[in-house]
Amino acid sequence: MEPRPDAAAPIDASLYLHPQTLARLGSMELRARHIVEGVMSGVHRSPYHGFSVEFAQHRPYVAGDDLRHLDWKVFGRTDKLHLKQYQQETNLDLVILVDGSGSMNYGSRLYSEASGVGASASPDGRTNWTKFDHATALAAALSYITLEQGDRVGVAVFAEDIRVMTARSSARGQWRQVVQALSGRPVQGPTDIGRVVDQLLAKITNRSLIAIISDFFMDIESLRAALARVRHRRHDATLLQVLDRQELDFRFDGPTPFDGLEGEARVRIDPRSIRAAYQREIEEHIEKVEKLARSQGFDYTRLDTHDWLGPPLAAYLARRNAQIKRSKYG
Amino acid sequence: MTFLHPILAAAGAACVSVPILIHILMRRRRRPIAWGAMRFLREAYRKQKKKVALEQWLLLTARCLLVLLAALAIGGLARGGSGSAATERPTVLYILIDNSLTAAAGAPTSLERHAAAARGLLQELSGVRGDRVGVVALARPAEAVLLPATIGVVQAMQALQAVTVCDSGADLAGALSLVGAQQHEPHERIVVAVLSDWLAGSIAEDLTLPELPAGWELIAATPAAEGLRNVRVQSVEPVRRVMVASGVLGGDETAVSGTEQVYVEAKRFGTGLSEQASAHVRVRIERQGESQLLGEAVLRFAPGVADASAPVNVNMGAIGAGGALLVAQVEPDMLARDDSARHPIEIRGSLKVGLVAALGLDRPTSLAEYAPADWLRLALSPEPDAAGEHEVELTMIDPGSVDGPRLAGLDAVIVADPEGVSAQGWARLRTFVEAGGLLVVYPQAAEGAQAWIDAFVEGLGVEWTIGREPQDVEASVQPSIGGEWKGLLSLLEGEMPELAPPVRVSRRLAVDGAGPAAVSLTDGSPLVVAGRSAAGTRGLVVLFTAPMDPTWTTLPAKPLMLPLTQELVRQGIGIAKGAWVSVAGDRVAAPAGTVELVPLDGRGAAIRMGADGRTESPVRVAGAWRATGQGGRVVGTVVVSPDAHASNTMATQPAEVVAWLERSGVKPRFVGAQGDDGEGAALAAHVPAQPLGFELLLGAAVVAVMEVWLARRASHVREAAA
């Protein structure tokens with residue numbers, strides 16, 4: 001049995017963020033807090049200082065300017081009139097798109113595999129930890145962090161179109177909205193990312209950071225077009241590709257029938273015979289997704305459902321800081 | 001190609017389905033997996049589909065081939081034989097082994113060599129394949145030693161061991177008929193192996209063979225390259241078949257004594273016929289387990305002549321009355337079984353003759369009062385012998401009293417007054433004749449028509465045409481003896497020119513249809529004719545065309561009367577009784593009243609007689625038997641001689657053998673070589689089976705390596721390990 005974390009003992013962030021640990025946590029809220037505290041235990045808490053009015057630059061006084069903004073110290077030293085110019089405070093709008101298509105319903109890890117403590121199955125009876133579970137946990141964690149920092153966050157679950165969406169808000173009740181939106185289940189249908197992005201862009205006007213959490217088992221050209229539209233609307237984006245390790249390793253023995261989660265016809269095949277070819281195909285696709293993200297100036301992070309959630313969250317925080325700096329000084 | 005263990009091979013071949021079943025079951029038992037990345041899986045599958053299918057098929061083929069090769073190795077796949085398809089079928093092998101007379105020749109004997117060859121053939125059979133074997137001995141008549149064919153090789157070995165040489169010829173036709181009548185499955189391969197040296201004695205004289213069913217195979221031992229030098233004693237016959245004792249051995253016993261003549265005939269076969277040769281022959285008499293040498297002689301074969309004969313003067317010494325065997329034997333040669341000949345002889349104290357005549361109460365006092373019966377009585381018993389006994393015991397029978405009891409025990413019956421014999425009397429006389437008796441009939445010495453003739457012809461069943469009215473002739477007796485029955489009077493032949501001419505015949509009956517007469521008149525008409533009764537094989541009927549009456553002929557008063565009557569009775573009795581000599585291979589005939597034949601030498605079992613006067617089963621070996629009747633009464637002696645044709649040890653050309661065997665409708669194939677120590681092995685090699693186990697296992701190993709390589713390639717083990 002895995003030992004319970006002791007308050008006096010040093011906290012291992014990976015313990016808090018590991019999927020198996022998360023799987024033991026029944027509620028989405030508790031799961032998100034766990035994740036965030038795990039992340040914050042390893043990073044500086046300065047982001048909690050908040051964002052107030054900050055000095056940006058000086059400019060020469062012109063007639064008609066408000067004398068309250070004159071910098072008298074500069075006038076005393078240089079005998080010239082300059083106005084203090086301040087950066088307007090900017091809230092970060094985070095929009096999280098969670099893929100709820102059929103392919104996200106795959107998971108090769110048991111729900112209670114690691115610890116054996118807690119529920120052996122999800123509330124809806126599943127015994128495996130799916131990519132969708134991983135994605136929603138990540139989305140919840142991101143939302144939690146964002147809300148904790150006073151930023152606005154909105155969540156959407158999509159497949160062929162947006163199925164559930166919460167408006168962006170930093171209000172205290174937003175957390176409940178987010179959790180409720182993430183509590184659904186994937187559908188059997190495929191993803192239509194173009195349509196989803198169009199629907200999303202129609203609803204957001206100000207610049208936002210769009211986090212797309214998906215396996216991106218979709219047509220590359222559609223994704224390219226969708227990201228191009230995001231870029232065109234001057235939004236920032238980060239692509240969080242959630243994959244199951246088995247999808248990468250493809251370690252099956254003996255002839256096995258495979259049924260498509262998105263309604264594809266059954267394929268009876270000996271996995272050993274096509275493992276290499278399959279791995280080439282999926283690696284090539286992943287590479288294309290990453291390149292596509294990079295080419296648009298977006299972040300790309302790959303997540304393994306068997307790994308902990310630290311890296312993507314850290315990456316998110318770093319990305320957020322960088323964006324804030326750009327908005328203050330750029 | 002053939003299988004040493006076809007059932008194992010079949011079972012192994014069936015195991016080829018195991019990899020296929022595993023393949024199918026492996027495909028079915030897996031539960032489907034719900035998969036998200038189907039687009040990549042399908043794309044990879046699309047690209048790899050042909051390659052994967054090829055690899056899977058190659059892998060499956062390799063596994064099946066591996067199992068198949070192992071099955072073939074276990075099944076004992078062997079190369080060779082007379083046809084791969086043929087040798088894969090169950091074989092029914094019929095071994096026809098020559099145990100006829102010539103099979104005893106050589107050392108080891110031909111039979112022993114062929115038995116070894118047969119055992120070699122048996123070793124080629126496979127019980128697992130369901131092969132069967134049958135054994136037939138060729139000695140006539142062919143004997144089913146082991147039929148129907150059985151899968152028991154040990155049983156066949158024992159059957160071969162039980163086959164012994166016989167003294168009859170080879171009966172290949174009978175053997176082929178035996179095997180041709182057997183039942184077979186349609187898929188069975190039938191092979192008939194005839195194991196013989198094919199000496200001339202083993203070749204049927206009439207060259208007939210039954211046709212074998214289509215598809216049968218006929219293999220034969222290679223004919224002997226050379227014949228064997230062999231002398232066969234054809235026969236030994238005394239001049240008189242029934243000897244009459246003329247002396248006293250002491251007590252009540254009588255005996256013959258003095259010198260008698262025995263004729264020995266011999267024939268030589270095989271090599272050296274063009275050379276002059278000789279053979280030393282000894283004649284001895286055997287009776288009651290004792291053998292006594294009687295005389296010796298040398299048989300001389302002229303160059304280019306195969307036959308030789310010689311009279312042997314034998315000193316009869318003092319031999320008591322009873323049955324005995326006269327045996328002539330030459331020095332043993334390559335075929336010892338025909339080096340001797342036997343002949344049963346009978347030594348009698350006296351001959352018992354019945355004279356059927358109506359005699360008056362008073363004996364004649366002058367020649368004018370002599371009736372024909374008186375003349376005959378005088379001729380038969382001229383005077384007592386030295387012991388005061390007559391060699392011929394004469395019994396007078398009234399013509400009206402010819403019945404069974406009176407005829408019983410008689411050797412001959414002379415009818416001087418046939419008019420008085422009734423139809424029933426003639427019928428009883430026929431029974432007497434057919435039991436081996438001699439009947440001599442004279443016409444009635446009377447004027448006018450002979451009324452008895454119709455009853456005689458009908459009663460005896462002779463096919464003679466006899467004129468009822470006497471015909472006047474002026475003729476004398478021909479000095480020559482002739483006809484089929486000249487043996488009756490052959491001892492008189494030298495004296496006839498002197499004795500015959502004085503005899504005049506002035507009246508006689510005309511007889512037609514009796515063939516050449518034993519004694520004829522100068523006008524060509526017969527004086528003495530002889531023959532069997534209608535269905536008789538024994539017994540003898542002799543008819544004079546003139547009664548012993550001076551008004552018909554002067555014979556009664558002439559010197560010829562006595563020797564003619566004596567010889568007629570003595571030799572006639574011997575001829576009528578017959579010699580009871582049979583040929584090996586026949587059902588042996590024996591004297592009437594015989595119940596069984598008991599070997600004279602005491603070896604072997606008694607032979608039961610059938611209802612037709614012959615043994616129930618054929619007798620294939622030569623020898624002598626005592627014919628015993630009810631209660632063990634000795635009826636006579638029976639001799640079985642080796643088949644004369646079977647003694648021929650001349651070699652036969654292979655082409656002649658082939659031509660003969662092809663009459664069966666199957667072209668024969670020779671196997672083995674004479675004189676070759678490994679004839680059996682050579683014969684067995686007709687289905688040379690060279691096991692391919694090593695090659696198959698080597699092939700299986702190669703396929704196993706291929707399978708491993710294919711399996712690794714198909715499962716991408718190398719890539720995973722990398």
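Letters A, B, ... mirror the listed sequences (proteins, then strands); counts begin at 1.
Between the CG atom in A:L261 and the OG atom in A:S103 there is a gap of 7.5 Å [rounded to 0.5 Å].
Aromatic rings of A:F252 and B:W35 (six-membered ring for Trp) have centroids within the 6.0 Å cut-off, being under it.
A:I269 touches chain B through its side chain: at least one heavy atom from C-beta onward sits under 4.5 Å away, while N, CA, C and O do not. Heavy-atom distances place both the backbone and the side chain of A:Q246 under 4.5 Å from chain B.
Residues passing the side-chain hydrogen bond (donor to acceptor under 3.5 Å, both in side chains) test with B:H184, sequence neighbours excluded: B:Y94. Residues satisfying the salt bridge (charged side-chain N to carboxylate O under 4.0 Å, His left out) criterion with A:R224, sequence neighbours excluded, are A:E221.
Within the 4.5 Å cutoff, side-chain heavy atoms of A:R302 are placed close to those of A:L243.
Counting heavy-atom pairs closer than 4.5 Å to chain A, the top-ranked of the candidates B:E43, B:R39, B:K47, B:R42 is B:R39.
A:E247 and A:Y106 share no donor-acceptor pair across their side chains, judged by distance under 3.5 Å alone.
Proximity to chain B at a heavy-atom threshold of 4.5 Å picks out A:F217, A:M218, A:D219 from residues 212-220 of chain A, in numerical order.
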Ignoring hydrogens and angles, write down the donor-acceptor pairs under 3.5 Å from the side chains of residues 58-74 of chain B, residues two or more places apart or on other chains.
from  : atom 1 : to     : atom 2 : distance (Å)
B:T61 : OG1    : B:W57  : O      : 2.6
B:R63 : NE     : B:E707 : OE2    : 2.5
B:R63 : NH2    : B:E707 : OE2    : 3.0

